[in-house]
There are 2 protein chains.
Amino acid sequence: MKDREQSKATGHTQRGQRAKRISILDAAAQVFCREGFSGASIDEIAVEASVSRQTIYNHYREKETLFTAVVEDIMDRANATLFSILSTFPDKPDHLEDDLTAFAIRFTKNCLCNQDGKFLRKLVQSEGERYPHLFATWRQHGPGKIGAALGALFARLSHKGALKIDDFDLAARQFLALITADLQMITLFGGTPTDEELERAARNAVQTFLRAYAGQIGETVSRAPELAIIS
Amino acid sequence: MKDREQSKATGHTQRGQRAKRISILDAAAQVFCREGFSGASIDEIAVEASVSRQTIYNHYREKETLFTAVVEDIMDRANATLFSILSTFPDKPDHLEDDLTAFAIRFTKNCLCNQDGKFLRKLVQSEGERYPHLFATWRQHGPGKIGAALGALFARLSHKGALKIDDFDLAARQFLALITADLQMITLFGGTPTDEELERAARNAVQTFLRAYAGQIGETVSRAPELAIIS
DNA sequence: TCAAAACTAGACACCATTGTCTAAAACGTC
DNA sequence: GACGTTTTAGACAATGGTGTCTAGTTTTGA
């Protein structure tokens, strides 16, 4: 878990109780992700966390408690990073293709390439039905809000004349679908796309997206000065 | 497993050994899909198949053998139905939007809505890394070939002037990504999209796809008569 | 420096599961 | 109807996992 090791390195070695908790959560995430809930054993997690089994039971009463704690923890982190990426969505119509492509790369890189993303994909898929509540709230606070936010961002872009979109939320969903289209087959088998693959996938996606949703940029731009002069 | 019940109903009740094998495979698919490999117990499968545990061990030496047999069985079936759907891909430029939409509905319905599709999504995701060989061959014979075949079909359509496509395989992948865009959130949690949802998702996807890849249909169509008269 | 809190290692009971083995029953075929 | 095959139910050892307990050790913070 990159994020965590960082905070361990920068901060003053998160000593004591708190360090253990984090160490356990990270190890548990790895093992749950690798083995699934029933395949994961507490002993395995304890070893990976360099902690005694009893310590795990002290912090998290039972296996299931630990699991939900891990899932919630990762969901929080994933949402936070995703929203921070959303805030880098381009808002100027110039260089739209390049800006959108760069945004798409940032998005896929953080969504598909890191441990948290992989974990969520696997765990939602394999344990989602067994924990309806847990994943339903995630669905609301995560993908739901992100879809809406991205829709609003496309709306902003559309109002500036850079795009011609009827249904903003739909456009957002299609954008997301397109930028992951070429990467699914890679991530499905646990692989991590290379930077080139990310780049090419994003570029292809954005080109198609823009062809589908391009406003008459030429017209709008060339007519705008006239209108400005008249008014 | 719908397909199987059918063959049981039509055929002469597949008696004896063969009937048991099928019954076991179907039950195992259900349980593996619900519980994952390590969560599934042979006893559970035996009960669901109305068969004694020993019979399972007679047919499939051990749990792992059973698992791979189930996976291979389902992959074969899924590939077969998918290719049969591919053969219904539209080849006339008229009514392209409607024809493509109908095709998309057929595709998603058989890909996302039936048991086999759900099984493959879950199992590839959760056990893919543990059985690299098993799933690598599927990847070749399944998605790989289907992507290529769909690319060729788009090429045919493109050569007839109905579409303007540079990279046919890319267009195929983007088509697939678009038609599943709105359904992912539903299927991810084990749900099955309604017919309305399928219809709307397909229509939205095809509209966007055509906007991105439409040849100058208006031009082509209106100019064609002139050319015909001259020649 | 000292006491409380947290951690460790190991033993433990308990339970579920896998895979084998048996003897009896059901089945299919000639 | 008799014979060989398949299926069944159940007992069985072996294994590995969960969660508890205890007694001893380390860490923390005042």
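Values below: all heavy atoms of this structure, side chains included; hydrogens, waters and symmetry mates excluded. These numbers come from a predicted model, not from an experiment.
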Residue A/Y57, side-chain heavy atoms: nucleotide from C/dG19, D/dT7, D/dG19 that is nearest | D/dG19
Figure out the CG/P separation between B/L66 and C/dG19, and round it to whole Å.
-> 10 Å
Which whole-number value in Å describes the distance from A/R21 CZ to C/dA6 C1'?
-> 13 Å
Would you say A/K20 reaches C/dA5's phosphate, i.e. side-chain N/O to OP1/OP2 under 4.0 Å?
-> no
Given the options B/D99, B/D98, B/T101, B/V206 meets side-chain contact (heavy atoms from CB on, under 4.5 Å) only with B/T101
Aromatic ring proximity B/Y60/B/F67, centre distance under 6.0 Å | no
N/O (side chain, A/H59) to phosphate O (OP1/OP2, C/dA6) under 4.0 Å | no
Please lay out, stage by stage, how B/E199 and B/R203 fare under the test salt bridge (Lys or Arg N to Asp or Glu O under 4.0 Å).
-> CA-CA 6 Å; B/E199 158 102 27; B/R203 192 153 291 282; 3.5 Å; yes
So what does A/A40 hit on the nucleic acid, given a heavy-atom distance under 4.0 Å: a base, only sugar-phosphate, or nothing?
-> sugar-phosphate
Rounding to a whole Å, what distance do you find between A/E62:CD and D/dT18:P?
-> 12 Å
Among C/dT18, D/dT8, C/dT8, which is the nearest nucleotide to the side chain of A/V51?
-> C/dT8
B/S41 side chain to B/E44 backbone, donor-acceptor under 3.5 Å = yes
List every contact pair, protein side and nucleotides 10-15 of chain C side both N or O, where the distance is under 3.5 Å.
residue: C/dA11; atom: N6; partner: A/R53; partner atom: NH2; Å: 3.0

Within a strict 4.5 Å, meaning less than it, do heavy atoms of the A/F135 and B/L188 side chains meet?
-> no
Within this structure, what is the CD1-to-C1' distance between B/I24 and D/dT7, rounded to whole angstrom?
-> 10 Å
Are B/K122 and B/E35 close enough for a salt bridge, meaning some N to O gap below 4.0 Å?
-> no
Report the distance from atom CZ of A/F37 to atom C1' of D/dG17, rounded to the nearest whole Å.
-> 12 Å
To the nearest angstrom, the NZ-C1' distance between A/K63 and D/dG16 comes to 12 Å
Test ring-ring contact (aromatic ring centres under 6.0 Å, His included) applied to A/F154 and A/F168, A/F89, A/F103, the passing residue | A/F89
N or O in side chain of B/T55 less than 4.0 angstrom from D/dT8 OP1/OP2 = yes
Between D/dG16 atom P and A/E35 atom CD, what is the distance in whole Å?
-> 14 Å
Separation of C/dA9 atom P from A/N58 atom CG, nearest Å, is 14 Å
